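Here's the structure we're looking at; comments come further down.
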Amino acid sequence: MHWPPDASDSDDPRHVFLDAHDVMARYGWGKTKGYQNLKDRDLVPPPVMTHPDRWRLDQLLALEEKRMVLAEAASEVLIAPAREEVGIADLLPQAKHRRRAG
C-alpha cells in the first residue's frame, strides 16, 4: 500500500496495514531518520506482523490521538488563565544587601 491510501481501499482502519515506507511517508520522515524512529516505541507501536514489518492503521491513529490529548492537556497547564500578573519590578534582579533604615 502507498500512502495516502486510495478511496477504493477498505474504510476500516483495522484492516489497513502499512509497511515501513508508508509509515515514514505518513509522518514525513526521511529514510534514515524514519528507520530510527520506527524502532522507537514512544513514536510508533510495535509492528503487528514482522518479516516484513507491518503496522495497523488503527493502532497508529490511536497513538496519534493519545499524543494530541496529552499535548492539549500540557498546553492548558502551560497557558493557565489564573496566572498572576507579573510587573517589570518582579523581573529585575533582587538586591544582594538590604539597606539599613536610619
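Because the structure is predicted, anything quoted here is derived from the model rather than measured.
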Could you tell me whether the side chain of [Y] reaches within less than 4.5 Å of the side chain of [X], counting heavy atoms only?
X: Pro47; Y: Arg54; result: no
X: Arg67; Y: Leu43; result: yes
X: Phe17; Y: Val48; result: yes
X: Val44; Y: Asn37; result: no

Atom pair [atom1]/[atom2] of [X] and [Y] - distance to nearest 0.5 Å:
X: Leu60; Y: Asp22; atom1: CG; atom2: CG; value: 10.5 Å
X: Asp53; Y: His21; atom1: CG; atom2: NE2; value: 11.5 Å
X: His15; Y: Arg56; atom1: NE2; atom2: CZ; value: 8.5 Å
X: Leu38; Y: Asp19; atom1: CG; atom2: CG; value: 10.0 Å
X: Leu61; Y: Arg26; atom1: CG; atom2: CZ; value: 5.0 Å
X: Leu57; Y: Arg14; atom1: CG; atom2: CZ; value: 12.0 Å

Under the ring pair (Phe, Tyr, Trp, His ring centres under 6.0 Å) rule, what pairs show up with a residue in residues 29-70, not counting sequence neighbours? Tyr27-Trp29

Looking at every heavy atom in both Met24 and Gly34, which two are closest together, and how far apart are they? SD-CA, 3.4 Å

For the CZ atom on Arg41, are there more than 12 heavy atoms of other groups (residues, nucleotides or ligands in this structure) within a distance under 6.0 Å? yes

